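Below: one structure, written as structure tokens.
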There are 2 protein chains.
Amino acid sequence: MNYTFSDRVNTLKPSAIREIFKYAADPEVVSLSAGNPAPDAFPKEAVAEISAKLLKENPVLALQYGLTEGYVPLRETLKKYMTEKYGVNMEGNDLIITSGAQQVMDLVTKSLVNEGDVVITEAPSFIGSLNTFRSYNAKLVGVPMDDDGMNMEELEKALKENENIRFIYTIPNFQNPSGITMSLEKRKKMYELAKQYGVLILEDNPYGELRYKGEDLPNIKSFDTDGIVIYAGSFSKVISPGMRVGWCVAPAEIIQKMVVCKQGEDVHTNMWSQVVCNEFMTKYDFDAHLEMLRKLYSEKLEYTMTLLKENLSDKITYGEVEGGLFIWCTLPEDVDMNAFCLELVKNKVCVVPGNAFLTDEKEISHNFRINFSTPSNQQLKKGIEILGRVSKTL
Amino acid sequence: MNYTFSDRVNTLKPSAIREIFKYAADPEVVSLSAGNPAPDAFPKEAVAEISAKLLKENPVLALQYGLTEGYVPLRETLKKYMTEKYGVNMEGNDLIITSGAQQVMDLVTKSLVNEGDVVITEAPSFIGSLNTFRSYNAKLVGVPMDDDGMNMEELEKALKENENIRFIYTIPNFQNPSGITMSLEKRKKMYELAKQYGVLILEDNPYGELRYKGEDLPNIKSFDTDGIVIYAGSFSKVISPGMRVGWCVAPAEIIQKMVVCKQGEDVHTNMWSQVVCNEFMTKYDFDAHLEMLRKLYSEKLEYTMTLLKENLSDKITYGEVEGGLFIWCTLPEDVDMNAFCLELVKNKVCVVPGNAFLTDEKEISHNFRINFSTPSNQQLKKGIEILGRVSKTL
């Protein structure tokens, strides 16, 4: 049988970086290419306690069907959290619990984007979100980044030059993959431009709680008096990704459409994990847990930075990292980045080549991404020593 | 701000039956309109035990990211189950774990259906699946049912008359809402027709384990030597719907596309629930649990049938039920079914009007659906007594 697939999946071509990841399956390869939390980052005892209590006292709550919008107490907890911690005015907005923030990308695109409509993204940007937009046949327009976020002249140019733009996708804090945090000035400017051009903003904030240095900046959603910002939150980096729980705050009319789409996608999010997240946020010291995470990761970051300084050729440059899970490295323009990454993996260390994060993978990139949260310190040492050796052959 | 939504969600109109369900929110209303497992149906102690062990001995497995294809041991268990219990030859096929069988409907449609392509369904059929197909702007073509499944002449007519048909959607066992089971002869005929017209079959089997009388019939997937059947399985009715775990067996090439789509939808299914399902299937007596469920539901069914016989006007007819969770009732042709259902809910009992299950809700239906798994026996008694009183005013 010859299968005919939909146009939307036919555009999802096998990734150009797949060859590199094939080598990475070798257990001897040190992977600096993941984005997983450290195994020590999970609140294991609390989850076990909450789970035991729930399954003893109220098992039917965990096992029966739930509401598509999400578990009501968790929705209330998060509404309060968004207001008190992030200064988001919930009036006119609503909140849906999703199966990870990835599902926010999916439901927003499904609700808003016709095939051929435009989504503006940072270039580079998170590959998972780009693929979701692609899976609805959105046309991706990438806007280059400066050290303090999207280049605003280029953004305005993109807004002027394209038709049927549905939203601007941004990760304002410790962006994946670049690590860049958008300045307050640019956050305000992006909001003004979106308003002026009648375009929505999809603000994705998985790493916001993971700041190790400097001051927190307000989310774009906190300026949103015009109902133009859709905010995606996630428990994946602060409680557990295996639970698959995220949320979205957006104008109520948009949430209503997302609920209809979610009903047809997975009915509702796993109930056990929604209860666990709510109990952990309300009955445990969530702030102390976040503080523990920041300490854990900032120590790993410092260790990684020391290793990079000790080992890497001067030809590879990278900026200071204030938060998140990634270090974005730049190669000289005359170096073939893909060949370099392939050489690394043959030497048993794996990083992610920068073109994976571009709206068109075939574009040239001079970057690669290192993750420091997943590997053990021993693996970091081994991996970066190899990276250092290979970098010195440049 | 005036929001512009995608064409696909604009076609998802508010349901005509919404007015009836508005009344059903009243806690005094007895709901015979759900499809939830009975609270006694959950293997509560086993889930608590498995969960405690998992979160003590291997919490990182439950909390860390997993594979998009699903938890490997559960995939292996289900492959074996499909082969040994259902006679499915896995050669050329593959298996993906999904966030409930609802996600199978979504991923299959996303992978195979372009906007405007045709999906043939039983008429009536499960509203959740119809809405998923609608959400990708599929054109639905409903084929009427006889007492032993789809009318095969009408199916062949639909196959002849339509272009770009992507698949035939069927629930062969104890169909929702009609309760009808497709005969072996029709299963074979449907397979032959699909093969002849080069169309796939999407076989949805959430109730297959819940047979209370008669003999099990082979799944259509067990005949599939041509790679044309996609099978959807679910734990929702046999372990727990709150866990959101289902699976799909299909030709490997189709599963591969579904994996890419799932990656962009929710990355992977909740890990805790995948491990719990696998441990329950392999280390507990799953067959004894299924036997307990069949006993529980067949007793509830018998009780409901007795109540219906004692209370209902002769004008309402219904067939014998051999399995599943629903009873499909028929009104005389001169009765306005929607007005009858509205009258019921005003008298504080809620059923689902038959037009909710049609490909075009505005078509006339003379049926309504009763569920007997969710209400307590006390609620069944109260609800059916009201139903009886109202039926006698016809």
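Numbers restart at 1 for each chain; the letters A, B, ... are given by sequence-line order, proteins then strands. Because the structure is predicted, anything quoted here is derived from the model rather than measured.
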Could you pull out the closest heavy-atom pair between Asn10(B) and Lys257(A), with the gap in Å? OD1-NZ, 4.2 Å

Locate the shortest heavy-atom distance separating Lys110(A) from Val9(B); write the atom from each residue and the value.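 Residues Lys110(A) and Val9(B), closest heavy atoms: O-CG1, 3.9 Å.
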
Looking at [atom1] of [X] and [atom2] of [Y], how far apart are the two atoms once the value is rounded to the nearest 0.5 Å?
X         : Y         : atom1 : atom2 : answer
Ile228(B) : Tyr3(A)   : CD1   : OH    : 8.5 Å
Met271(A) : Asn270(B) : CE    : CG    : 12.0 Å
Gln103(B) : Glu265(A) : CD    : CD    : 7.0 Å

Please confirm whether the backbone N or O of [Y] pairs with a side-chain atom of [X], one donor and one acceptor, at under 3.5 Å?
X         : Y         : value
Thr132(A) : Gly264(B) : yes
Arg8(A)   : Ser111(B) : no
Ser6(B)   : Val113(A) : no

Taking side chain as everything from C-beta outward and backbone as N, CA, C, O, which of these in [X] sits under 4.5 Å from a heavy atom of chain A? Side chain, backbone, both or neither.
X         : result
Arg134(B) : neither
Gln263(B) : backbone
Thr109(B) : backbone
Phe133(B) : neither
Thr269(B) : backbone
Met105(B) : neither
Leu107(B) : neither

Would you indicate whether Lys237(B), at its atom NZ, is surrounded by more than 12 heavy atoms from other residues, nucleotides or ligands within a distance under 6.0 Å?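 It does: Lys237(B) NZ has more than 12 such atoms within range.
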
Begin with the C-alpha distance, continue with both residues' side-chain angles, and end with the deciding distance and a verdict on side-chain contact (heavy atoms from CB on, under 4.5 Å) for Asp7(A) and Glu115(B). CA-CA 9 Å; Asp7(A) 297 339; Glu115(B) 304 203 354; over 6 Å; no

Part of residues 191-200 of chain B lying next to chain A, heavy-atom separation under 4.5 Å: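 Checking residues 191-200 of chain B against chain A gives Gly198(B), Leu200(B).
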
With chain A as the partner chain, list the residues of residues 59-66 of chain B whose heavy atoms fall under 4.5 Å from it, by residue number, and write 'none' if nothing qualifies. Pro59(B), Val60(B), Ala62(B), Leu63(B), Gln64(B), Tyr65(B)

Among the options His268(A), Arg166(A), Gln274(A), Lys56(A), pick out the one with the most heavy-atom pairs lying under 4.5 Å from chain B. His268(A)

Residues Asp266(A), Lys262(B): salt bridge by 4.0 Å N-O rule: no

side-chain contact (heavy atoms from CB on, under 4.5 Å) evaluation trace for Glu253(B) with Phe5(A): CA-CA 10 Å; Glu253(B) 219 181 316; Phe5(A) 295 102; 3.9 Å; yes

Top contributor to chain A interface from [options] [non-hydrogen pairs under 4.5 Å]:
options                                  : answer
Leu130(B), Leu54(B), Val104(B), Asn36(B) : Asn36(B)
Ala48(B), Ser129(B), Gly35(B), Pro37(B)  : Pro37(B)
Thr4(B), Val47(B), Asn2(B), Asp226(B)    : Thr4(B)
Pro251(B), Ala52(B), Ala41(B)            : Pro251(B)

side-chain hydrogen bond (donor to acceptor under 3.5 Å, both in side chains): which pairs involve residues 43-55 of chain A, sequence neighbours left out?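 Applying side-chain hydrogen bond (donor to acceptor under 3.5 Å, both in side chains) to every pair that reaches into residues 43-55 of chain A, excluding sequence neighbours, yields Glu49(A)-Tyr284(A), Ser51(A)-Trp272(A), Ser51(A)-Ser51(B), Lys53(A)-Glu57(A).
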
Can you list the residues that meet the ring-ring contact (aromatic ring centres under 6.0 Å, His included) rule with Tyr71(B), with sequence neighbours excluded? none

